[in-house]
Peer 1: 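Take this structure first; my questions come after.
Order of the sequence lines fixes the chain letters, A, B, ..., with proteins taken first and strands second; residue numbering starts at 1 for each chain. Just so it is clear, the values below take in all heavy atoms, side chains as well, and ignore hydrogens, waters and symmetry mates.
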Amino acid sequence: MAKIQAIRGMNDVLPTQTPAWQYLERVMRDLLAAYAYQEIRFPIVEQTQLFKRSIGEVTDIVEKEMYTFEDRNGESLSLRPEGTACCVRAAEQHGLLYNQTQKLWYMGPMYRHERPQKGRYRQFYQMGVEAFGMSGIDIEAELLMLSRDLWQQLGIDDVLTLEINNLGNSEDRKRYGETLKEYLLQHRDVLDEDSQRRLEKNVLRILDSKNPQTREILKQAPQLPDHICADSAAGFQQLLEILAQAGIAYQVNTSLVRGLDYYNGVVFEWTTDKLGAQSAVCSGGRYDGLSRQLGGSDTPGVGFALGMERMVLLLEELEKLPAGISRTVDLYICVIGDGVQQQALILAAEIRRRLPTLRVLTHCGGGKYNSQLKKAYASSAQCALILEGEEAQREVKLRVLDDNGDTSTVAAQSVFDSLSRLFDIELFD
RNA sequence: GUGGCCGUAGCUCAGCUGGUAGAGCCCCUGACUGUGACUCAGGUUGUCGUGGGUUCGAGCCCCAUCGGCCACCCCA
């Protein structure tokens, strides 16, 4: 019978890897809490329409990467390819955007049917931050400071660079799109195939093209900054000043337009050269029209999302994972001889009750002294508690699990005191 | 979606021009050590990704398929 294996591009995160994930998640949660952002959770499956209307019909994500299927009642559903649209939908549906502002975050798996590659999987995890109801650039500044703080706490700020651009308000964007299209139509035949297709529905994306011939044409094209209204331009300048003041280095990149249709205003991307082709680690921007586009209120929004496996990859690559996060055991209890198991389990429970922060692993499944001690060392516990034979009722041994292996015999009743002292933690009654 | 490389024990890999599989690590047992690690002796481990085909015979050739890696592309 053929073995069943995981679906292409979908990964199992094994026990050796989960500590890195948990560490990353912990740092992120704590930082988000420090900024007073609240967590929101929403489903993995949504109506296909949600993504078509928000991300855009002619984007790659919607056209060829969504996991779309029919529900039993014939409704078209899709696995979420990103979180922003879901977040807006959920916030709108529950009245979170009615006359109020929201600072939210979420974390979870997203799905895109792409060709798997390093740092790019079909099920991948994103942490996203979205702020609703605020139209000034102060919120953009806060989001960028938040992300920079995160890089600093993780120790990876020196390998990330911030690219930023202003798309202007919705009218600016629209007007520029028309001007650009007009210009490009004159050179239609010289454009690459993709760009020709984008002429119709997604003109700005052509600015992103890497095709040399197309790039040549773009040199003479109308420039985006020239089509941005004074207000928007002034706001952008103000944001750049705040960034400078906050000590955040940035690079204005006027061809940065982002692949999702809903963006306008400020867009940005944190990139690195340490992950091969998958250079974007975190990106986002403003999407003021999105909520209305989905049939909701006219609520401004800004946000960003970051790729968690890319973060984990970076942390591993740069060896920025703190030592000790992989240790899951403090005390290993060896159980030697018949009739000791019961005592060991009861004692372990009592230790956990009175020394709640201690992580206690009771050896199960038998085995000789040698092999149990070997496992105790391999477990990375700092200390072994050895219960041997009948005398374990009266006294037990405590062995420090280092190269010296100093062992002391203690009375069964004073085990708790000894452990409390040894690990320097408070003992409860 | 396009192109390139790859898929042999839990892990890292070897296997020459086709003759039905090996090493190291790990693991287990024993000896030694006043009971881990060190040293010595021994032992377990695989439908050679899967399914077809060519052949007297295929891990090695051919086809398909699944999966991995890398780039394009896309993006987080």
Peer 1: Please work out the stems of RNA chain B from pairs that are Watson-Crick or G-U wobble with both distances under 3.5 Å, keeping only runs of three or more consecutive pairs.
Peer 2: B:1-7 with B:66-72, B:10-13 with B:22-25, B:27-31 with B:39-43, B:49-53 with B:61-65

Peer 1: Rounding to a whole Å, what distance do you find between A:Q372:CD and B:C28:P?
Peer 2: 12 Å

Peer 1: Does A:L14, at its CG atom, have more than 12 non-hydrogen atoms belonging to other residues, nucleotides or ligands within less than 6.0 Å?
Peer 2: yes

Peer 1: Has the side chain of A:R120 got a donor or acceptor that lies under 3.5 Å from a partner of the other kind on the base of B:C74?
Peer 2: yes

Peer 1: Can you tell me, in whole Å, how much space there is between the P of B:G3 and that of B:C16?
Peer 2: 29 Å

Peer 1: Does any N or O donor sit under 3.5 Å from an N or O acceptor when you compare the side chain of A:R258 with the base of B:C74?
Peer 2: no

Peer 1: With the sugar-phosphate defined as primed atoms, P, OP1 and OP2, and the base as all remaining atoms, what B/S/- string results for nucleotides 38-44 of chain B, 5' to 3', for protein heavy atoms under 4.0 Å?
Peer 2: -------

Peer 1: Does the side chain of A:S76 come under 3.5 Å of the side chain of A:T48 through a donor N or O and an acceptor N or O?
Peer 2: yes

Peer 1: Please tell me if A:N370 has a side-chain N or O lying less than 4.0 Å from either OP1 or OP2 of B:G36.
Peer 2: yes

Peer 1: Tell me what A:K64 touches on the nucleic acid: a base, only sugar-phosphate, or nothing, going by heavy atoms under 4.0 Å.
Peer 2: nothing

Peer 1: How many whole angstroms separate atom CG of A:L401 from atom C1' of B:A37?
Peer 2: 11 Å

Peer 1: State plainly whether the residues A:K103 and A:E142 are in salt-bridge range, i.e. N to O under 4.0 Å.
Peer 2: yes

Peer 1: Rounded to whole Å, please give me the gap between CZ in A:R115 and C1' in B:C73.
Peer 2: 11 Å

Peer 1: Taking B:A9 as the reference, what is the distance to B:G51 when you measure between their P atoms (whole Å, please)?
Peer 2: 15 Å

Peer 1: Let me know, please, whether A:S371 or A:G119 comes out on the 5' side of the other along RNA chain B by nearest nucleotide.
Peer 2: A:S371

Peer 1: Take atom P in B:G15 and the same atom in B:G7, then report the distance between them in whole Å.
Peer 2: 11 Å

Peer 1: Hey, does the side chain of A:K118 come within less than 4.0 Å of B:G68's phosphate (OP1/OP2), counting only N and O?
Peer 2: no

Peer 1: A:M311 versus A:I156: any side-chain heavy-atom pair under 4.5 Å?
Peer 2: yes

Peer 1: Closer to the 5' end of RNA chain B via nearest nucleotide, is it A:N11 or A:R198?
Peer 2: A:N11

Peer 1: Is there side-chain contact between A:M107 and A:R29, with at least one heavy-atom pair below 4.5 Å?
Peer 2: yes

Peer 1: So A:G367, base contact, sugar-phosphate only, or nothing? Heavy-atom distance under 4.0 Å.
Peer 2: nothing

Peer 1: With the threshold set at 4.0 Å, does a side-chain nitrogen-carboxylate oxygen contact exist between A:R112 and A:E82?
Peer 2: no

Peer 1: Looking only at side-chain atoms of A:K368, point me to the closest of B:C69, B:G30, B:A76.
Peer 2: B:G30

Peer 1: Between B:U33 and B:A41, how many Å separate the two C1' atoms, rounded to a whole number?
Peer 2: 16 Å

Peer 1: Quick one: does A:K374 reach the base of B:U35 with a side-chain donor-acceptor pair under 3.5 Å?
Peer 2: no

Peer 1: Round to the nearest Å and state the distance from A:R122 atom CZ to B:C66 atom C1'.
Peer 2: 12 Å

Peer 1: Please determine whether a side-chain nitrogen or oxygen atom of A:R205 lies at a distance below 4.0 Å from atom OP1 or OP2 of B:C74.
Peer 2: yes

Peer 1: Starting from C1' on B:G34, measure out to CG on A:N404 and report it in whole angstrom.
Peer 2: 16 Å

Peer 1: Quick test of the criterion, 5.5 Å between centres and less than 30° between planes. Is A:Y377 stacked on B:A37 or not?
Peer 2: no

Peer 1: If we only count heavy atoms from C-beta on, is the A:L331 to A:L361 side-chain gap below 4.5 Å?
Peer 2: no

Peer 1: Among B:A76, B:G36, B:C70, find the nucleotide with the atom closest to the side chain of A:Q117.
Peer 2: B:C70

Peer 1: How are the rings of A:W21 and A:Y125 set to each other: parallel, tilted or perpendicular (split at 30° and 60°)?
Peer 2: perpendicular

Peer 1: Using a cut-off of 4.0 Å on non-hydrogen atoms, how would the nucleic acid contact of A:E65 be classed: base, sugar-phosphate, or nothing?
Peer 2: sugar-phosphate

Peer 1: Can you check the distance between B:C13 and B:C6, where both ends of the measurement are the P atom (answer in whole Å)?
Peer 2: 14 Å

Peer 1: Look at A:E317 together with A:R310 and state whether they make a salt bridge at an N to O cut-off of under 4.0 Å.
Peer 2: no

Peer 1: Specify the separation, in whole Å, of atom CD of A:Q382 and atom P of B:G36.
Peer 2: 21 Å

Peer 1: Looking at side-chain heavy atoms only, is the closest gap between A:K320 and A:L154 below 4.5 Å?
Peer 2: no

Peer 1: Run the salt-bridge test on A:E114 and A:R122 with the 4.0 Å N-O cut-off and return the result as yes or no.
Peer 2: no

Peer 1: Under 6.0 Å from the CD atom of A:E39, do we count more than 12 heavy atoms belonging to anything else shown?
Peer 2: yes

Peer 1: Rounding to a whole Å, what distance do you find between A:R8:CZ and B:U50:C1'?
Peer 2: 15 Å

Peer 1: Please check the phosphate of B:A76 (OP1 and OP2 only) for any side-chain N or O of A:Q278 closer than 4.0 Å.
Peer 2: no

Peer 1: Send over the distance from A:K375 NZ to B:C27 C1', rounded to a whole Å.
Peer 2: 9 Å

Peer 1: Which whole number of Å gives the distance between the C1' atom of B:C62 and that of B:G24?
Peer 2: 34 Å

Peer 1: Answer with base, sugar-phosphate or nothing: what part of the nucleic acid does A:R112 contact at a heavy-atom distance below 4.0 Å?
Peer 2: base

Peer 1: Expressed in whole Å, how much space separates the C1' atoms belonging to B:G68 and B:U35?
Peer 2: 45 Å

Peer 1: Pick the P atom in B:C11 and in B:U54, then give their distance to the nearest Å.
Peer 2: 33 Å

Peer 1: Check the surroundings of atom CD in A:Q342: do more than 12 heavy atoms from other residues, nucleotides or ligands lie under 6.0 Å from it?
Peer 2: no

Peer 1: Counting primed atoms plus P, OP1 and OP2 as sugar-phosphate and everything else as base, spell out the protein contacts along nucleotides 6-12 of chain B at 4.0 Å heavy-atom distance: B, S or - for each nucleotide, 5' to 3'.
Peer 2: -------

Peer 1: Answer yes or no: is there a side-chain heavy-atom contact under 4.5 Å between A:L256 and A:E269?
Peer 2: yes

Peer 1: Do A:T59 and A:D261 have side-chain N/O donor and acceptor atoms under 3.5 Å apart?
Peer 2: no

Peer 1: Using a cut-off of 4.0 Å on non-hydrogen atoms, how would the nucleic acid contact of A:A305 be classed: base, sugar-phosphate, or nothing?
Peer 2: sugar-phosphate

